Structures are given as structure tokens and as C-alpha cells.
S.K.: 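Sharing a structure, written as C-alpha cells. Questions coming.
Keep in mind that what you see is a predicted model, and the values were worked out from it rather than measured. Just so it is clear, the values below take in all heavy atoms, side chains as well, and ignore hydrogens, waters and symmetry mates.
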Amino acid sequence: MNGLTLPVRATDDGGQMRDPLALLEAAGTAAITAAFGRPFDPVVRRSQREQFGDFQINGAMAIAKEVGRPPREVAQTIVDHLSLGDAVEKVEVAGPGFVNVTLRPSWLGAAVEAAASDARLGVAVVGAPETVVVDYSSPNVAKEMHVGHLRSTVIGDALVRVLGYLGHQVVRQNHLGDWGTQFGMLIEHLVDQGLDGGGIADLNALYQEASQRFKDDESFAERARKRVVALQGGDPSTLARWDALVAESQRHFEMGYARLGVTLEPGDVRGESFYNSLLDETVAELESLGLLRMDEGALCAFPPGFTGRDGTPLPLIVRKSDGGYGYAATDLAAIRYRVRELRATRIAYVVDARQGHHFAMLFAVAQQAGWLEGVRAEHVAFGTILGPDGRPFRTREGDTVKLADLLSEAVERAAAVVADKSPELSDAEQAAVARAVGIGGVKYFDLFNDRVKDYVFDWDRMLAKEGNTAPYLQYAHARIRSMLRRAEAEGCVPAGPVVVEHPAERALVLALLGFNDAVHTTAQHLEPHRLCTYVFEVASEFTAFYESCPVLRAESDALRSSRLLVAALTARVLATGLDLLGIETPERM
RNA sequence: GCCCCCGUAGCUCAGCGGACAGAGCAGGUGCCUUCUAAGCACUUGGUCGCAGGUUCGAAUCCUGCCGGGGGUGCCA
């Protein structure tokens, strides 16, 4: 165990720490440093069993080995040096050298009050904000968005929200596929049809027709190739159609983003074409660094450690043998631009896991070029959405599923549930709830598992009222809101001091105080499922609390005020947590 | 061939160096004159793919194997 690598957990500087984990880590580290003259990771964890208290400090066993003393003695030494004031009720050494910590109810209550009076709900802003470029969504021009774009868009947007909430400067980058040889056939086809590229109802049809003709009609294919040259050469009428095509596609994307509730805006678009003017200088720089050489007619980089089928070095092809630049050149120009112009200190590529190899090579070359000094470039990989047959998700006819159709079906299915469960709501409100539940269901289902894994698309599960789903979470939130409205009508006001007595009350409070940690670890790992797990825990603990702890009918006014405050904080944590995931929380449902 | 990812309860998955492995779904048993039952409580269910190794301690780290998926020079 390396004692020098300490967990970096941001804490607010607003006085008393409200996150028990952060508090214990700070106190644990201080105690260890004081006792042993150097810091070790105190290894603070939530206790899995009630008998072991609320938290445990597990570092003693590892430290014992380092300092050559018995583990229980080390544990006791840590306990002796712990300075936690009135935060703890009981600290004891147990087993081979565990330190079990039970927090004092009064401290927990005060911490909840502090979180409730904080606009950030106890979530600290990072001490050292980074400039984080997040590359996500990135659909292709002249194609409608389909399921293949769902994951990047949804995961990327959740990450962007989380990072922004923590005070990082986030730069969204929608790396549109707006350039490449396919535009030759598309534009040539437009010309043949007498179209200028605007107002196209069915982009997919356009693409399919063009692509069909390209395959079947050699003279068309020849003209398409010439059209590519014209486009690259900046021919005005060709460029005008290309522009129109891009603008038309963007209109479609904007509609999709609006329906999905995604924060991407037109200004975030920096498509492949944006880098055209930077390709020459990017490649020239790599050449001057001696990183490129000709191989089989192509200009390549050979980052160390990558070998192909036959064991020979594997190239990253920067310039193709036909003289044109490939996607690697664009990606290299983009990484350079993001570091130099956007001043990124962290770059996250929310892209399909299947491109892992490409990104590994890309980062390796960028590293060799010296572009990643002090910059973390990460491939935020995600798995494939599968159909019931275990193959990539498609329609019964074998076509890709259009995102617009998928979202429509989600809302329709949700609407049926709403009509069944909440007939008392107005039509307009039912429709709004159906949208929130349907879209939220799709998004949450995409977020709640470890992103690198594939998952099987399943309508029934993502819209299920029970279990770890968006509807369950939204419902939990809505019932709290309902209760709070009633409290207000009855003139009851949430107020401290917060009583932490009942086991369910205590469990809920501990969950609420974990918000800071949940958001920070999500940002560190760029894994939204961690936040999902957290939000579900809060909702579960709340419903348990709700069953066993009367709020409005609490046995005393003081208890009622206290529980109202806990409930109000719960609603805000749920709403904020879900909002960070990009999911709406209706007031009633 | 080589590289990457995955293999945990019937199903879908958390956990990824710490005390007897957790949750949801499905199954079983209860709970609506009481704050929204789109809910809750209790319960059945596991050689953590297999075999070695490191460690006081391994589902978690290392090695090898088995099974599944993906990638592997001019598409992105």
C-alpha cells in the first residue's frame, strides 16, 4: 500500500465539513501524520454492517506493516490521535485493526441543516478548476440521428453537467461528421435532383439513394469523385450545397437535442471540416518532430507498442496514399487545437468502445508530439446497445432505429402508464409527465450501468415503475413534493434542529450527506452510473423513511419540522442529482 | 496470431485490496379507514468462469487457461 498517494477529495472551505467521508479522511490523515510522522491513506469506507458503526477507517493494517508494529496497536494509536470534536459518538478498534466510527446524531442533524441551507446541498466546488473539453454526440451530417448516437449524447451530457456543477470550465465539442468523401455523392445527387440542400424532409432517404447510385452507376460515381475534388477545392456552388446540407442536418440535430433535453447548442459544434485549415500545419509539426514516415505510399506515425496482425508496427495513417488526409489527421489537429486554443487540461472523448484502439494510438502520437504535457486525454468508452437477440439493436426490418422514433415510442408508452396511474392530472400535465418519464426512462437506462458494458434495450424495464428506474426515482421525488405542498398549506415549516433518531431516519441522513462524494467520484471517473447508484440509494432510503417515520403526523411539532427539513433536502438532492444526469423531475405524477 | 473489454444469485447488474459478497427484477409471505401502494417490510436464491500466485487479508492485484464480444494499415 502506497502511503504517499492520498485521496483527493474536495471539501468546501465554508467552515464545518458536512461530508462525513471527507471529514474522516481529513481527520484520519491528520491523525496518522501526527502519529507516524508521515501520511498514509486512512482508507475510510462506509460500514457495511450496523455493528461496525457508520464508517470505518481501515488503514491501520497496511500501516502496521510499514511501521512494523501490531495492527491493533496502530489502530489504537490512530484513535488516540483522532480529533473529531463532537462529531463522533463512539470510536472503537475492532477485529484485526479496524477503526469503527459512529457519528453523533446531533452532529448528523447539524450537518443536514447545513446542507439544507446551502444552495449547493453540501457539494463542494473543486479547489482547482480544470478546463475540460468534452467531445460528445457527434452525429453525421446528412444522416438522421439513430440509436448509435444515443449513448454518446446522453452520457456526454450527464458528464458535462456534473463537471460544470463542480466548478470546472467545461467546453462542449460536438465533433460533427460534416466532411469526407461521402459528400461528393450526396451533393452530386442533389444537383441531379435540382435541389440546393435545404428543406430536405428525409435525410436518410437522400443518403441511401445517393449511396445506391454510387454503387450501381459508374458514371455517377465518377462525377461524385470529381465533386469531392470540387468541394475540397472550394468551388462556390458545391460549397453552397454543402453548407445547406450541413445547416439542414443541424436543424434536425437541434430538434433531437431539444427533445432529449440535452445542453448542446449550435455554438458547440466544431465539426471535422473546422479542422481542414489546420491539417497542413499539424502534419508539418509532426514531420518536423520526426514522428512521420512514408510507408506503402501513406504518411504514417508509428507510436511504439502497437503492432498489427503480423507483428509489424501498426501505423496511424495521417495522410493517405491518395494524398488526402484521413480521420487521424483531423483527430490530431483537434487534440492540438483543444490543448493550444481551448487550453484544455482534460479532454474526454465520449465515443464507442470499439474505437479504443484508435484513441490509444492517437493519444500516444499526441504524447510523442508533446501536446499532452499536463493534459489528461481520456477515451470515455461505452458499449453497444443490443436488441433482444444479443445483436446490435435494430428494427424488425433490420434497419437502424431512428432516434426520433425511439423517443416517440418512449413517450407514448409512458403516456399509457400516466393515463392509467394519474388520470386526475390535466391533459397538458399528463403529457408533460409522459415526456419526462419516457425520455427520462430512456436516458436513465443508458446511464445506470457501467458505461463500458453493452446492454440489451428493453422497454418494459426502462419504464418500469419499480426498481432502479427513472420512473421510480421521479415518483419518489413527486411524493415528497406532494407532501411538502401539503405541509405548506397547513402552515408547517421545515426547521431544525434536525432529529436523527429512528434507524430509517439515520440511514436517510447518512445517504443525504453522501451527495458531495457521489458527485465528485462521478466526475473523477467520468462514470455517470455512480451518480445513478447514489440517487437510487437516496430514493430507497427515503421511501423506507416515509413508511416508518410519519412526517406531517409526527408526534411533536419539533419532530415534524425536523422531518420536513429532511424531506425537503431529500427532494432537492433527488432533483439536483437527476438534473445532473439530464433527467427531469415532475412536481406531481 | 496479437491487442482491448466483459464473465458475480434464475435474469439484469453494483461492488474492483479489508470483517459473514450487495441491489433491482423474477419467485414466496405479509401490508392501503393513516403524508401519492408508480410504494413498503420480511423471505428463497451465489464453488464472485477455472487454476495457480502475491498479501496478515483477493470478487477486487499478477500469470496462465476457458467462454463471449470487439479491434487489428489507408471508413470514423
S.K.: Among B:rU36, B:rC20, B:rG71, which is the nearest nucleotide to the side chain of A:Ser482?
M.R.: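 That would be B:rU36.
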S.K.: Just checking A:Arg479: base, sugar-phosphate only, or nothing, at a heavy-atom cut-off of under 4.0 Å?
M.R.: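 Base, at least one base heavy atom under 4.0 Å.
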S.K.: So A:Arg481, base contact, sugar-phosphate only, or nothing? Heavy-atom distance under 4.0 Å.
M.R.: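 The residue A:Arg481 makes no contact with any strand.
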S.K.: How far, in whole Å, is B:rC2 from B:rU8 if one measures between their P atoms?
M.R.: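 Nearest-Å result for B:rU8 against B:rC2 at atom P: 25 Å.
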S.K.: Do any N or O atoms from the side chain of A:Asp178 and from the backbone of A:Glu272 form a donor-acceptor pair under 3.5 angstrom?
M.R.: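 At least one qualifying donor-acceptor pair exists.
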S.K.: If you measure from the C1' atom in B:rG52 to the same atom in B:rG10, how many Å do you get, rounded?
M.R.: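 About 31 Å, rounded to a whole number of Å.
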S.K.: Looking at A:Glu501, I want to see if its CD is surrounded by more than 12 non-hydrogen atoms of other residues, nucleotides or ligands under 6.0 Å.
M.R.: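 Result for CD/A:Glu501: open.
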S.K.: B:rU72, B:rG69, B:rC40: which one has an atom nearest the side-chain heavy atoms of A:Leu314?
M.R.: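 Of B:rU72, B:rG69, B:rC40, B:rU72 is nearest to the side chain of A:Leu314.
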S.K.: Hey, does A:Ser422 reach any base, or is it just sugar-phosphate, or nothing, if we go heavy atoms under 4.0 Å?
M.R.: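 If one applies the 4.0 Å heavy-atom cut-off, A:Ser422 turns out to touch a base.
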S.K.: Could you check which nucleotide pairs with B:rC40 in any of the strands shown, counting Watson-Crick or G-U wobble with both distances under 3.5 Å?
M.R.: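 Partner of B:rC40: B:rG30.
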S.K.: Rounded to the nearest Å, what distance is computed from the CD1 atom of residue A:Ile385 to the P atom of nucleotide B:rG70?
M.R.: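 Rounded to the whole Å, the gap is 16 Å.
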S.K.: Any base atoms under 4.0 Å from A:Gln355, or only sugar-phosphate, or nothing? Heavy atoms, all strands.
M.R.: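 It contacts base atoms.
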S.K.: Starting from P on B:rG17, measure out to NZ on A:Lys65 and report it in whole angstrom.
M.R.: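 Going from NZ in A:Lys65 over to P in B:rG17 covers 17 Å.
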S.K.: Is a side-chain donor or acceptor of A:Ser152 paired with a backbone partner of A:Tyr136 at a separation under 3.5 angstrom?
M.R.: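 Not at all, since once roles are kept as given, no pair shorter than 3.5 Å links the two residues.
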S.K.: Which part of the nucleic acid does A:Ala353 contact within heavy-atom distance under 4.0 Å: base, sugar-phosphate only, or nothing?
M.R.: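 Result for A:Ala353 = nothing.
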S.K.: Contact class for A:Arg45 vs. all strands (heavy atom < 4.0 Å): base, sugar-phosphate, or nothing?
M.R.: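 Sugar-phosphate, no base atom in range.
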S.K.: Measure the distance from CZ on A:Arg461 to P on B:rA38 and round it to the nearest whole Å.
M.R.: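 In whole Å, B:rA38 P lies 21 Å from A:Arg461 CZ.
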S.K.: B:rC35, B:rA21, B:rA14: which one has an atom nearest the side-chain heavy atoms of A:Met483?
M.R.: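 Of all the options, the side chain of A:Met483 is nearest to B:rC35.
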S.K.: Could you check how far NE2 of A:His358 sits from P of B:rG73, rounded to whole Å?
M.R.: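 Value for this atom pair: 14 Å.
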S.K.: Remember a base hit wins even if backbone is also touched, and classify A:Asn100 as base, sugar-phosphate or nothing at under 4.0 Å, heavy atoms.
M.R.: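 The residue A:Asn100 makes base contact.
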S.K.: Can you check B:rC32 for me, syn or anti if syn means within 90° of 0?
M.R.: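 It is syn.
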S.K.: For atom CD of A:Glu73, decide whether the heavy atoms of other residues, nucleotides or ligands shown that lie under 6.0 angstrom number more than 12.
M.R.: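 More than 12 within 6.0 Å, yes.
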S.K.: From B:rA19, B:rG39, B:rC6, pick the nucleotide closest to the side chain of A:Lys465?
M.R.: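 Selected nucleotide (nearest to the side chain): B:rG39.
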S.K.: Please determine, for B:rC35, whether a Watson-Crick or G-U wobble partner exists with both distances under 3.5 Å, and give it or none.
M.R.: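 Base partner found: none.
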S.K.: For A:Asp450, answer base if it contacts any base atom (sugar-phosphate contacts may also be present), sugar-phosphate if it contacts only those atoms, and nothing otherwise; contact means non-hydrogen atoms under 4.0 Å.
M.R.: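 Sugar-phosphate: the residue A:Asp450, judged by heavy atoms under 4.0 Å, touches backbone atoms but no base.
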S.K.: Which of these nucleotides, B:rU36, B:rG22, B:rA41, is closest to any side-chain atom of A:Tyr475?
M.R.: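 Closest of the options to the side chain of A:Tyr475: B:rU36.
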S.K.: What integer number of Å spans the C1' atoms of B:rA26 and B:rC13?
M.R.: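 Comparing C1' positions in B:rA26 and B:rC13 gives a spacing of 14 Å.
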S.K.: Measure from CZ on A:Arg553 to C1' on B:rC32 and round the result to the nearest Å.
M.R.: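 The answer, rounded to whole Å, is 13 Å.
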S.K.: How close do A:Ser548 and A:Ala544 get, counting heavy atoms only, and between which atoms?
M.R.: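 For A:Ser548 versus A:Ala544, the nearest heavy atoms are OG-O, 3.0 Å.
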S.K.: Could you check whether A:Cys549 gets within reach of a base, just the sugar-phosphate, or nothing at all, counting any heavy atom under 4.0 Å?
M.R.: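 Since a base atom lies under 4.0 Å of A:Cys549, the category is base.
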S.K.: For A:Phe536, run the ring pair (Phe, Tyr, Trp, His ring centres under 6.0 Å) check against A:Tyr472, A:Phe542, A:Tyr444 and tell me which one passes.
M.R.: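 Among the candidates, only A:Tyr472 passes.
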S.K.: Which value, in whole Å, describes the distance between the C1' atoms of nucleotides B:rC32 and B:rG27?
M.R.: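 Per the computed distance, 23 Å lies between those C1' atoms.
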S.K.: Does B:rG7 pair with anything, Watson-Crick or G-U wobble, both distances under 3.5 Å, and if so, with which nucleotide?
M.R.: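 Its partner is B:rC66 (Watson-Crick or G-U wobble, both distances under 3.5 Å).
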S.K.: From the list B:rG73, B:rA38, B:rG18, which nucleotide is the closest neighbour of the side chain of A:Ile317?
M.R.: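 My answer, after comparing the listed nucleotides, is B:rG73.
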S.K.: Which value, in whole Å, describes the distance between the P atoms of nucleotides B:rC25 and B:rA41?
M.R.: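 Taking atom P in both B:rC25 and B:rA41, they lie 10 Å apart.
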S.K.: Report yes if a donor N or O on one partner sits less than 3.5 Å from an acceptor N or O on the other, where the partners are the side chain of A:Glu537 and the base of B:rA23; otherwise report no.
M.R.: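 Check fails, no donor-acceptor contact within cut-off.
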S.K.: Under a 3.5 Å limit for both distances, which nucleotide forms a Watson-Crick or G-U wobble pair with B:rA23, could you say?
M.R.: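 Per the H-bond distance test, B:rU12.
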S.K.: Is the aromatic ring centre of A:Tyr546 closer than 5.5 Å to the centre of the six-membered base ring of B:rG39, with the two planes inclined by less than 30°?
M.R.: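 Base of B:rG39: not stacked against A:Tyr546.
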S.K.: Can you tell me, in whole Å, how much space there is between the P of B:rU44 and that of B:rG22?
M.R.: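 Those two atoms are separated by 13 Å.
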S.K.: Could you tell me whether A:Glu527 contacts a base, only the sugar-phosphate backbone, or nothing, with contacts defined as non-hydrogen atoms closer than 4.0 Å?
M.R.: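 It contacts nothing in the nucleic acid.
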S.K.: Let's test this: given Watson-Crick or G-U wobble pairing with both distances under 3.5 Å, identify the partner of B:rG1.
M.R.: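 Check on B:rG1: paired to B:rU72, both distances under 3.5 Å.
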S.K.: Rounding to a whole Å, what distance do you find between A:His357:NE2 and B:rC5:P?
M.R.: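 The distance from NE2 of A:His357 to P of B:rC5 comes to 12 Å, rounded to the nearest Å.
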S.K.: Considering only B:rG39, B:rA19, B:rU36, which nucleotide approaches the side chain of A:Phe98 most closely?
M.R.: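 Nearest to the side chain of A:Phe98 among the choices is B:rA19.
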S.K.: Once you round it to whole Å, what is the distance between C1' of B:rA38 and OH of A:Tyr444?
M.R.: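 So the two atoms are 15 Å apart, to the nearest Å.
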S.K.: Nearest to the side chain of A:Arg49, which nucleotide is it out of B:rG73, B:rG71, B:rC20?
M.R.: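 From the listed options, B:rC20 comes nearest.
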S.K.: I'd like the C1' distance from B:rC50 over to B:rA59, given in whole Å.
M.R.: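 B:rA59 and B:rC50 have their C1' atoms separated by 14 Å.
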S.K.: Give a yes or no on whether a donor-acceptor pair under 3.5 Å exists between the nucleobase atoms of B:rC40, that is its base, and the side chain of A:Thr543.
M.R.: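 Answer is no: no donor-acceptor pair is held.
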S.K.: Quantified in whole Å, what is the C1' atom distance between nucleotide B:rU12 and nucleotide B:rA51?
M.R.: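 Those two atoms are separated by 29 Å.
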S.K.: Which listed nucleotide (B:rA76, B:rA38, B:rA37) is nearest to the side chain of A:Tyr327?
M.R.: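 Selected nucleotide (nearest to the side chain): B:rA76.
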S.K.: Within a 6.0 Å radius of atom CD on A:Glu50, are there more than 12 heavy atoms belonging to other residues, nucleotides or ligands?
M.R.: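 Atom CD in A:Glu50 is not crowded, with 12 or fewer foreign heavy atoms closer than 6.0 Å.
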S.K.: Under 6.0 Å from the six-membered ring centre of A:Tyr546 and within 45° of its axis: does the NZ or CZ of A:Arg479 meet both?
M.R.: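 Yes, A:Arg479 and A:Tyr546 form such a contact.
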S.K.: Of all the nucleotides listed (B:rA19, B:rC13, B:rC74), which has the minimum atom distance to the side chain of A:Glu296?
M.R.: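 Nucleotide nearest to A:Glu296's side chain: B:rC74.
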S.K.: Does B:rG45 have a Watson-Crick or wobble mate here (both distances under 3.5 Å), and if so which one?
M.R.: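 No nucleotide pairs with B:rG45.
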S.K.: Looking across every strand, which nucleic acid part, if any, lies under 4.0 Å from A:Gln182 by heavy atom: base, sugar-phosphate, or nothing?
M.R.: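 The answer is nothing, as A:Gln182 stays clear of every strand by at least 4.0 Å.
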S.K.: Could you tell me the separation between the CZ atom of A:Arg451 and the C1' atom of B:rC6, rounded to a whole number of Å?
M.R.: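 Roughly 14 Å, once rounded to whole Å.
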S.K.: Once you apply a heavy-atom cut-off of 4.0 Å, does A:Asp352 come out as touching a base, just sugar-phosphate, or nothing?
M.R.: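 No contact.
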S.K.: Please work out if A:Phe306 contacts a base, only the sugar-phosphate, or nothing of the nucleic acid, heavy-atom cut-off 4.0 Å.
M.R.: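 It contacts nothing in the nucleic acid.
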S.K.: Measure the acute angle between the ring planes of A:Trp459 and A:Phe457, then classify it against the limits of 30° and 60° as parallel, tilted or perpendicular.
M.R.: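 Ring orientation of A:Trp459 relative to A:Phe457: perpendicular.
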S.K.: Evaluate whether atom CD of A:Glu584 has more than 12 neighbouring non-hydrogen atoms of other residues, nucleotides or ligands under 6.0 angstrom away.
M.R.: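 Open: at most 12 neighbouring heavy atoms sit under 6.0 Å from CD of A:Glu584.
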S.K.: Examine the base of B:rG17 for any acceptor or donor lying under 3.5 Å from a partner atom in the side chain of A:Asn58, and report the outcome as yes or no.
M.R.: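 Checked by distance alone, the answer is no.
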S.K.: Which is true for A:Ala478 with a 4.0 Å heavy-atom rule: it touches a base, it touches only sugar-phosphate, or it touches nothing?
M.R.: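 Answer is base: heavy atoms of A:Ala478 come under 4.0 Å of a base.
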